Amino acid sequence: MDVGIVILLVVLALVLIVVIWAIATYNGFVKLRNLVQEAWRQIDVELHRRYDLLPNLIETVKGYAAHERAVFDEVTRARAQAASPGTTPAQQAAQEDQLSQAIGRLFAVAENYPQLQSVQSFTQLQAELTNTEDRIAAGRRFYNANVRTLNTKVETFPPSIIAGMFNFTRAEYFEVNDPAVRTAPQVSFQDQGGNVGVYSQGQPARAPMPTDSPVQPGTQPPAQNYGQSPPPGQPGEGYQPPAPPQR
């Protein structure tokens with residue numbers, strides 16, 4: 001076979017491999033982009049369900065605390081701002097943080113009226129709102145996982161070549177900035193006496209308990225050898241072991 005034909009076949013094979021790789025990479029980007037969009041639509045559905053629950057919740061609390069008008073106005077204003085269309089995921093996250101803070105103040109007002117806890121409509125709305133927020137949190141984790149996969153592929157070489165050619169860009173994360181979520185939990189320990197302490201570096205040691213052993217590590221008396229009398233002042237002073245029998 002002619003050398004020129006061999007070189008041509010090799011070049012054609014390489015070109016075919018590159019084309020197949022480019023098509024597979026492009027299809028992979030399309031799949032990831034659709035996954036990110038679908039995950040965001042699921043979050044959007046739960047967010048709107050949250051918005052629909054708030055007016056009824058406000059009206060229920062208002063029936064017992066009508067004078068807390070500033071809190072009601074704050075929740076209504078935050079709800080309207082969060083429900084406005086055309087926001088990016090990062091902007092939506094910031095608005096949802098403000099709405100969550102306003103809802104927290106609304107529940108703080110509701111706690112001052114114990115009779116609300118016996119109102120079935122209030123407890124039902126509170127439970128539905130909690131379940132909705134749990135679904136939002138689950139959807140946020142799923143969305144951010146797909147965003148991370150897409151962004152990694154966009155920035156990785158050589159897929160970044162296809163991303164640049166077909167305008168595949170990084171997606172925005174939907175992150176929460178709630179301090180209660182980001183606060184590290186404290187670890188508590190309980191001893192046999194029922195005393196609970198919180199671990200922290202530099203915390204002074206607790207006072208000794210009556211149930212603690214009086215013998216501390218490193219303060220035990222030395223062991224006595226067989227055949228020696230105990231030291232003066234100890235029980236059994238003057239005791240001498242019997243001499244071995246004479247043969």
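The structure presented is a predicted model; accordingly, all values stated were derived computationally and were not measured.
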Following the transitive rule for hydrophobic clusters with a side-chain heavy-atom cut-off under 4.5 Å over Ile, Leu, Val, Met, Phe, Trp and Tyr, establish whether [X] and [Y] coincide in one cluster.
X      : Y      : result
Ile136 : Phe107 : yes
Val45  : Leu35  : no
Phe157 : Ile17  : no
Leu9   : Val18  : no
Val11  : Val3   : yes

Heavy atoms only: give me the nearest [X]-[Y] pair and the separation to one decimal.
X      : Y      : answer
Pro89  : Tyr143 : CG-OH, 3.4 Å
Glu175 : Asp97  : O-OD2, 4.4 Å
Leu53  : Glu128 : CD2-OE1, 3.2 Å
Ala171 : Val36  : CB-CG1, 4.2 Å

Item to check | Glu96/Arg50 ion pair, N-O < 4.0 Å | outcome: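 Here Glu96 pairs with Arg50 in a salt bridge, since their nearest N and O are under 4.0 Å apart.
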Could you tell me which residues satisfy side-chain hydrogen bond (donor to acceptor under 3.5 Å, both in side chains) with [X], sequence neighbours excluded, listed by chain and number?
X      : value
Ser121 : none
Gln126 : none
Arg49  : Thr132
Tyr113 : His67

Do the non-hydrogen side-chain atoms of [X] and [Y] ever get within less than 4.5 Å of each other?
X      : Y      : value
Ile103 : Leu129 : yes
Phe166 : Val30  : no
Val154 : Thr169 : no
Phe29  : Pro159 : yes
Phe174 : Trp40  : yes
Asp73  : Arg69  : yes
Asp44  : His48  : yes

Checklist entry - Say you draw a straight line from OG of Ser84 to CD of Gln95; how long is it, rounded to the nearest 0.5 Å? => result 4.5 Å
Checklist entry - Could you give all pairs that pass the side chain to side chain donor-acceptor pair (under 3.5 Å) test and reach residues 26-35, with sequence neighbours left out? => result none
Next on the checklist: With side chain to side chain donor-acceptor pair (under 3.5 Å) as the rule and sequence neighbours excluded, what pairs involving residues 147-159 come up?
Outcome noted: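 Residue pairs passing side chain to side chain donor-acceptor pair (under 3.5 Å), neighbours aside: Glu155-Arg170.
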Checklist entry - CD of Gln115: more than 12 outside heavy atoms within 6.0 angstrom? => result yes
Item to check | Chi angles and distances behind the side-chain contact (heavy atoms from CB on, under 4.5 Å) call for Leu99, Arg79 | outcome: CA-CA 6 Å; Leu99 180 58; Arg79 174 189 177 275; 4.2 Å; yes
Item to check | Partner residues of Phe122 under the ring pair (Phe, Tyr, Trp, His ring centres under 6.0 Å) criterion, sequence neighbours left out | outcome: none
Scan the side chains in residues 55-66 for donor-acceptor partners under 3.5 Å anywhere in the protein, sequence neighbours excluded, and list what turns up.
residue : atom : partner : partner atom : Å
Thr60   : OG1  : Asn56   : O            : 2.8

Checklist entry - When clusters are formed from ILVMFWY side-chain contacts under 4.5 Å, directly or step by step, what else is grouped with Leu8? => result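 Under the 4.5 Å side-chain rule, Leu8 groups with Leu12.
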Checklist outcome for this item: Joining Ile, Leu, Val, Met, Phe, Trp and Tyr whenever any side-chain heavy atoms lie under 4.5 Å apart, the cluster holding Ile20 also takes in Leu16
Next on the checklist: Between Glu172 and Ala90 (side chain of the first, backbone of the second, donor and acceptor by atom type, cut-off under 3.5 Å), is there such a pair?
Outcome noted: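 Yes.
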Checklist outcome for this item: With sequence neighbours left out, the residues meeting side chain to side chain contact (heavy atoms under 4.5 Å, CB included) with Gln42 are Glu38, Phe142
Next on the checklist: With salt bridge (charged side-chain N to carboxylate O under 4.0 Å, His left out) as the rule and sequence neighbours excluded, what pairs involving residues 104-119 come up?
Outcome noted: Glu74-Arg105
